[in-house]
A.B. asks: 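So that we are looking at the same thing, I have put the structure below in structure tokens.
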There are 2 protein chains.
Amino acid sequence: MPHKADRDQIRRQNRSIILQALRRDGPLARIELGQITKLSPATVTSITGDLLDQGLIEGFETSEQKEQSTRGRPRSLLRLTPNAAYVVCVRLSVQRLDLALVDYSGQTVAHHSAPLEGNALTSDTTSPRLVHLIRELLTMADAPSSRVQEIGLIAQGAVDVDVEAGTIIWSPAIDGRNTQIVEPLSAAFDAHCTIVNDTNMITEALHWSDPEKYAGTFVVVFLDHGMGMGLYLDGRLFCGANGKAAEIGHTNHMPDGALCQCGKKGCFEAYLSENALSRIALAEPSCDAPSLDAALELAASGNGPVLDGFSGAGRVLGFALARIIAMFDPRRIVLTGRSARALPYMQEGMRSGLEDGLIADLSQNHEIDVAPWDEDYIIRGMAAQAMTRLDLCYKGTAGR
Amino acid sequence: MPHKADRDQIRRQNRSIILQALRRDGPLARIELGQITKLSPATVTSITGDLLDQGLIEGFETSEQKEQSTRGRPRSLLRLTPNAAYVVCVRLSVQRLDLALVDYSGQTVAHHSAPLEGNALTSDTTSPRLVHLIRELLTMADAPSSRVQEIGLIAQGAVDVDVEAGTIIWSPAIDGRNTQIVEPLSAAFDAHCTIVNDTNMITEALHWSDPEKYAGTFVVVFLDHGMGMGLYLDGRLFCGANGKAAEIGHTNHMPDGALCQCGKKGCFEAYLSENALSRIALAEPSCDAPSLDAALELAASGNGPVLDGFSGAGRVLGFALARIIAMFDPRRIVLTGRSARALPYMQEGMRSGLEDGLIADLSQNHEIDVAPWDEDYIIRGMAAQAMTRLDLCYKGTAGR
DNA sequence: GGTATTTTTTTGGACACCAAAAAAATGTTG
DNA sequence: CAACATTTTTTTGGTGTCCAAAAAAATACC
């Protein structure tokens with residue numbers, strides 16, 4: 001049974017809609033906000049008045065504005081106050097540590113990126129090091145640390161995470177186990193801190209980048225070192241009861257099949273990880289250093305055995321997509337990630353796998369397409385998600 | 001971006017909550033409604049006043065009530081007016097046609113059940129026949145046909161349905177193709193008519209029967225003639241972009257595996273349908289008429305080859321469950337259906353399949369349990385879903 | 001019959017929405 | 001340059017919803 005509704009909910013939701021419109025479509029006049037949100041001008045004035053009082057938005061003037069002026073009272077543009085709040089994105093991958101500071105208007109105002117040398121981090125030093133780096137970032141951007149509202153930690157690579165406890169159980173980048181991370185960061189900045197999943201952030205970013213196209217129910221399949229999946233179901237990100245949904249790489253494709261790095265047999269990743277795809281190059285006996293690039297070059301040159309290898313991998317991918325379509329019935333499946341380059345050579349195999357793995361009844365009403373891969377997707381998705389969470393923190397009018 | 005919120009939404013939602021409380025917990029006094037819904041007494045009086053005016057609820061008196069009376073103003077109970085609206089459930093399976101008429105209070109007030117003899121229905125006669133049977137049902141229950149608000153059609157068996165067009169493309173029970181069904185029924189009774197999925201209704205019924213236990217994210221696996229699945233994700237039924245999500249029976253377990261009735265190779269159903277389980281009995285050479293009962297009897301008597309057969313089927317089921325857990329990360333998986341009787345003999349195989357198919361990281365935080373199977377689940381689920389839809393039809397106070 | 005107790009209704013206030021009127025700020029024109 | 005036209009923003013007034021508190025209603029107890 002849903003919860004009872006009250007007045008505050010209305011205001012909170014309408015307020016959030018206005019903030020989102022401003023974040024998405026830049027500076028806007030009140031009349032435009034009214035048109036976008038369908039709220040009456042009176043209501044827009046009332047809500048933006050509150051937001052101005054709270055310092056979350058501010059007036060904004062451009063020179064362009066005056067040039068193309070028409071008769072009538074000129075519009076007064078509003079925008080999000082950039083320094084009203086900040087979101088920190090931390091990405092910890094196997095050999096790199098990236099940080100980005102995103103302001104309330106959605107701009108990245110500072111970032112830091114450095115290679116991680118072996119054993120640079122241990123269980124004890126990780127969180128102090130992150131606190132230090134975040135403080136440096138804040139200094140660079142001249143942002144007071146009290147304004148940090150959200151910290152998102154993206155742990156990439158073969159990482160074992162305990163979302164509940166907020167710890168990294170194991171990561172190749174950290175020497176040691178059970179690294180406390182959420183609690184120390186949260187305490188240092190008095191901010192909401194979460195460990196998030198990279199594929200989920202890509203999914204969120206796609207939705208944010210084009211809410212028309214990436215709407216309703218769609219699935220993202222991420223081919224990189226490993227194989228990941230992100231689920232956007234009925235208009236929202238789906239994470240499962242314990243935040244561990246959308247595992248596909250280590251689900252079984254073939255009982256007693258090829259040995260996977262995880263120790264089990266027949267996982268999809270055993271056929272579709274970057275390593276697995278690289279090994280296709282070995283089909284050409286003269287190949288001495290297998291890599292995905294080597295394999296792609298051989299395929300481009302028309303090497304038969306290598307093309308057969310990609311076709312076989314494509315067939316496995318086809319079975320994976322068939323499974324996804326049957327389970328989720330998405331409007332769209334998006335393939336992306338660094339290994340998506342190999343897809344052109346996998347098309348035919350993919351089709352055969354889809355044909356053999358998918359019941360005819362379901363083989364239409366969905367599109368499969370490839371999104372160009374951009375590393376920044378992850379940070380953009382994280383920021384968008386965190387900002388949306390902020391927008392819903394409504395503190396009545398009593399706080400004035 | 002979510003839609004703007006307005007005042008009517010508040011009333012609609014609170015009204016709906018009160019109606020649901022009354023439907024779930026029988027006759028209730030206003031003060032009890034206030035406690036359940038957390039609405040103030042004043043608001044409860046206001047909303048129930050509207051509902052009384054509209055005839056959707058009515059006062060109710062019992063003799064019990066007076067016996068255990070205490071000091072103070074006595075409670076005056078309210079209940080849903082049984083004849084305020086009706087929902088019709090039609091279930092068309094291979095050899096039977098069942099109809100049930102459910103009143104606004106959730107009681108089944110009339111039903112009809114008859115075997116379907118061969119070729120009894122054709123594309124042209126199906127909908128007139130259904131209209132006729134529904135009218136008979138209404139006469140039996142002395143219900144005016146204008147009060148029929150929702151008609152739900154459950155097409156069971158190997159049926160091919162076009163939900164968009166509201167037609168049954170093909171069904172073993174109907175002689176002919178592309179049977180128009182939603183439009184004629186909808187027109188005949190001026191009611192909302194939908195084709196629904198049986199497994200989805202079981203899922204809805206489980207949630208309705210115990211909203212505490214079956215809440216949030218859970219998955220129902222239905223073992224019957226075939227194999228079905230129902231998904232309740234983040235507190236609501238998930239149907240996919242085209243209403244065809246949750247297919248599991250005809251997803252691939254083993255590339256180039258056992259031949260399935262659908263014509264493809266290696267579907268789960270090829271190993272787990274009632275037919276497939278029945279054939280386990282053939283492991284005992286003396287068996288002449290294979291059936292699930294025969295197989296279960298042989299298993300009960302400790303027949304080794306038959307027990308091995310069930311163990312093998314259990315292993316396949318284990319792989320299916322591993323896949324479900326990885327994809328959806330549910331809090332609970334519920335196994336039910338007529339073939340659930342065979343589960344005791346499949347336990348060990350199931351465990352081995354889960355172990356080999358599920359990455360260790362995910363092998364906790366979920367419960368797998370068996371729900372007793374009751375045919376009525378389907379109708380109860382349908383009625384609950386339809387009633388909830390009705391509760392949200394709020395027609396302001398202007399209609400008075 | 002008066003008092004205590006419990007439930008229900010009424011009253012009055014706060015607040016969010018909207019439509020319509022008013023005000024503000026500019027361009028256009030005679 | 002003042003009056004008018006136009007567009008945006010704010011204010012006003014009204015409706016509807018919620019709630020807290022007071023009042024009313026209906027019963028049991030003494």
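Heavy atoms only: backbone and side chains are in, while hydrogens, waters and symmetry mates are out. Lettering follows sequence order; numbering is per chain, from 1.
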A.B. asks: Give a yes/no on whether any side-chain N or O of A/Lys4 is located under 4.0 angstrom from OP1 or OP2 of D/dT17.
C.D. replies: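 For D/dT17, OP1/OP2 do not have a side-chain N/O of A/Lys4 under 4.0 Å.
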A.B. asks: Under 3.5 Å, which protein N or O atoms sit close to an N or O of nucleotides 10-12 of chain C? Give each pair with its distance.
C.D. replies:
none

A.B. asks: Looking at B/Asn14, does any N or O in its side chain come under 4.0 Å of the phosphate oxygens OP1/OP2 on D/dC18?
C.D. replies: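 Yes, because at least one side-chain N or O of B/Asn14 sits under 4.0 Å from OP1 or OP2 of D/dC18.
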A.B. asks: Donor-acceptor pair, B/Ser209 side chain versus B/Leu206 backbone, under 3.5 Å?
C.D. replies: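 Checked: pair present.
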A.B. asks: Among D/dT17, C/dT7, D/dT9, which nucleotide has an atom closest to any side-chain atom of B/Arg75?
C.D. replies: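 Taking heavy atoms from C-beta onward, the closest nucleotide is C/dT7.
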A.B. asks: With the criterion being N/O to N/O and under 3.5 Å, what pairs connect the protein with nucleotides 28-30 of chain C, and how long is each?
C.D. replies:
unit_1: C/dT28; atom_1: O4'; unit_2: A/Arg71; atom_2: NH2; d: 2.4

A.B. asks: Taking only side-chain N and O atoms of A/Arg73, does any of them lie within less than 4.0 angstrom of OP1 or OP2 on D/dT6?
C.D. replies: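 False: A/Arg73 side-chain N/O out of range (4.0 Å or more) of D/dT6 OP1/OP2.
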A.B. asks: Hey, is the side chain of A/Arg7 poking within less than 4.0 Å of OP1 or OP2 on D/dT17, counting only N and O atoms?
C.D. replies: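 Indeed not, no polar side-chain atom of A/Arg7 lies that close.
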A.B. asks: If I take atom CD in residue B/Gln35 and atom P in nucleotide C/dT8, what distance separates them, rounded to the nearest angstrom?
C.D. replies: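 After rounding, the reported distance stands at 10 Å.
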A.B. asks: Output yes when at least one side-chain N/O atom of A/Thr43 is less than 4.0 Å from OP1 or OP2 of C/dC18, else no.
C.D. replies: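 Affirmative; the distance criterion is met.
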A.B. asks: Cationic tip of B/Arg23 within the cone over B/Trp208's six-membered ring, i.e. under 6.0 Å and within 45° of the normal?
C.D. replies: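 Relative to the ring axis of B/Trp208, which defines the angle, B/Arg23 lies outside at least one limit.
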A.B. asks: Nearest nucleotide by nearest heavy atom, which residue falls closer to the 5' end of DNA chain C, B/Asp6 or B/Arg30?
C.D. replies: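 Taking each residue's closest nucleotide, the earlier one in sequence belongs to B/Arg30.
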A.B. asks: Is the phosphate of C/dT8, meaning OP1 or OP2, less than 4.0 Å from a side-chain N or O of B/Ser76?
C.D. replies: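 Yes.
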A.B. asks: Using the benzene-type ring in the case of Trp, are the ring centres of B/Tyr232 and B/His207 under 6.0 Å apart?
C.D. replies: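 Close enough - the centres of the two rings lie under 6.0 Å apart.
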